[in-house]
Amino acid sequence: MTFATPSPSTPLPPTDSTLWTPARVLVTRSAYELPHGSDIVARCEAAGVTDIELLSGDRLPSLRADNDRAAYALAKRTLAVVVAPPSKRRLQPIPPSADWRIDLAQGCPAHCQYCYLAGSLSGPPITRVYANLPEILAEMDQHVGRGTVTSASPDRADEGTTFEASCYTDPLALEHLTGSLSATITHVGTHQWGAPVGLRFTTKYDGVAPLLDLPHHGRTRVRVSVNAHEVAARFEGGTAKLPQRISALRHLALAGYRVGLTIAPIMPIPQWRESYRRLLLDVNAALADVPAVDLTVECITHRFTPNSKDVLLDWYPRTKLDMDESARSRKIGKYGAPKYVYPKDTMAELRSWFDAELGATVPMARVLYWT
Ligand code: SF4
C-alpha cells in the first residue's frame with residue numbers, strides 16, 4: 001500500500017469536529033487505579049467535564065429518574081470508566097464484518113432513531129469505556145491466523161485476520177475522551193504479529209485529526225457510516241453532519257488509511273434513487289483525486305426486531321421511522337429471534353440499483369457484502 005502525502009492544496013482536517021462532552025463521568029475504583037483509567041479522567045477534565053465522580057467501589061450507581069425517557073436522557077449524558085471483565089474481553093466472531101469483535105467501549109452518545117444497539121444491550125444506555133486497554137489488546141495475539149469470516153473468504157484474504165472495533169460503540173465518538181482508538185491503531189500498526197492483521201471500525205463522527213499521523217501502516221480500515229441526506233438529517237441526532245463525515249473520509253484516505261463506506265441503514269424513502277445517487281456523487285468527488293485509494297463498501301438495509309422496536313419507541317416515542325411489521329418480511333435470525341426486513345422484491349430492486357450505481361458513480365469502490 002502506498003502512503004499518500006497531502007498536497008499543499010489539500011484542505012486541513014476540520015478543527016470544529018463534532019465532539020461529545022458528557023455531563024457526568026463515573027469512574028470505578030479499579031478503573032482509576034489503572035494508568036489508562038486515570039488518563040481518561042485527565043482527558044475528561046481537559047474536555048471541560050466538571051462532574052467527575054470517583055466511586056469507592058466497582059459498582060455503578062443506578063440512575064434515578066422519573067420515567068424511562070428521563071432515564072434514557074440521563075444515561076446518554078453519562079460516561080462510565082470501568083474495567084472490562086473477562087467475559088467482555090473474550091473475542092467473538094462477527095460475520096459478515098470481521099473474524100473477531102474487539103470492544104474498547106460499550107454504548108454510544110449519539111441518538112440514532114434506528115440505533116443498532118437498541119435491544120442488544122440491556123439497561124439504561126450509559127456509555128462505558130474500558131480502562132484495561134492493554135489486557136483487551138493482549139487478547140488479539142492468540143486469535144491471529146484464525147477466523148471464519150474474512151480469513152475464510154478468498155475475496156477478503158488480503159485483509160488478514162480482522163478485528164472489528166465498532167460492534168457495540170462508535171469508537172471515534174469517544175476518542176477525544178479516551179485515546180483508546182489511537183492506542184489500538186498504533187498497536188495494530190506496530191506490533192509484531194504472527195500473520196497479517198486488519199483492524200476495522202465504522203463511525204458517524206468526524207474528529208479524525210488525532211488519527212492522521214499514527215503509524216497505522218495500512219493495517220486499519222476506517223469506514224464512514226453514510227446515508228441519504230434525508231435519512232441522516234432526520235434520524236441521526238448527535239452525529240457529525242454528512243458533509244463533515246465525507247470530508248473526514250477524504251483526510252483518512254490522504255493519510256494512507258484503507259477506507260470504506262458503511263451505507264446503512266438503506267431505506268427506500270421517496271426519491272431514494274436520487275438521494276442515494278447524490279450521496280455517491282459526493283463520495284466520489286471527495287476521493288476521486290486521492291492516489292491509490294483503497295475503498296470498500298458495505299451495504300446494510302434497515303431491519304428491526306420486536307425487542308429493538310419496543311426499545312426505540314421508548315427512547316424516541318415520536319419517531320417517524322418506519323417500523324410497520326405488515327410491510328416487511330419476517331425472518332428468523334441467527335439466534336432464533338425474529339427480525340423484520342424489506343420484502344424480497346424491494347430488496348432485489350435496492351440491491352441491483354446499488355450494484356449498478358456504485359459501479360458507475362464510485363468506480364474505485366469494492367463491495368464487500370450486501371445484507
Ligand atoms: S452512531 Fe451507531 S451506535 Fe451510535 S447511536 Fe447511532 S446507530 Fe447507535
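Start at 1 and go down the list; that is how both ligands and their atoms are numbered.
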Chemist: For atom 6 (Fe) of ligand 1, does an N/O/S atom of Cys112 lie at less than 2.8 Å?
Modeler: yes
Chemist: Considering only protein heavy atoms, which is closest to atom 8 (Fe) of ligand 1, and at what distance to one decimal place?
Modeler: Cys115 SG, 2.3 Å
Chemist: Answer yes when Arg250 and Asp289 have at least one side-chain N-carboxylate O distance shorter than 4.0 Å, and no when they do not.
Modeler: yes
Chemist: Out of the candidates Arg200, His143, Arg101, only one should pair with Phe163 under the side-chain contact (heavy atoms from CB on, under 4.5 Å) rule; please name it.
Modeler: His143
Chemist: Looking at Tyr342, I'd like to know if the NZ or CZ of Arg328 sits under 6.0 Å from its six-membered ring centre while staying within 45 degrees of the ring's axis.
Modeler: yes
Chemist: Would you mind running through ligand 1 and noting each atom that sits below 4.0 Å from a heavy atom of Leu117?
Modeler: 3 (S)
Chemist: Are Ile266 and Trp370 packed together at the side-chain level, in the sense that at least one heavy-atom pair is separated by less than 4.5 angstrom?
Modeler: yes
Chemist: Closest non-hydrogen protein atom to atom 4 (Fe) of ligand 1, residue and atom name please, with distance?
Modeler: Cys108 SG, 2.2 Å
Chemist: Return the closest protein heavy atom for atom 2 (Fe) of ligand 1 as residue, atom name and distance.
Modeler: Lys204 NZ, 3.7 Å
Chemist: Heavy-atom distance under 4.5 Å between the side chains of Leu279 and Asn227, does that happen here?
Modeler: no
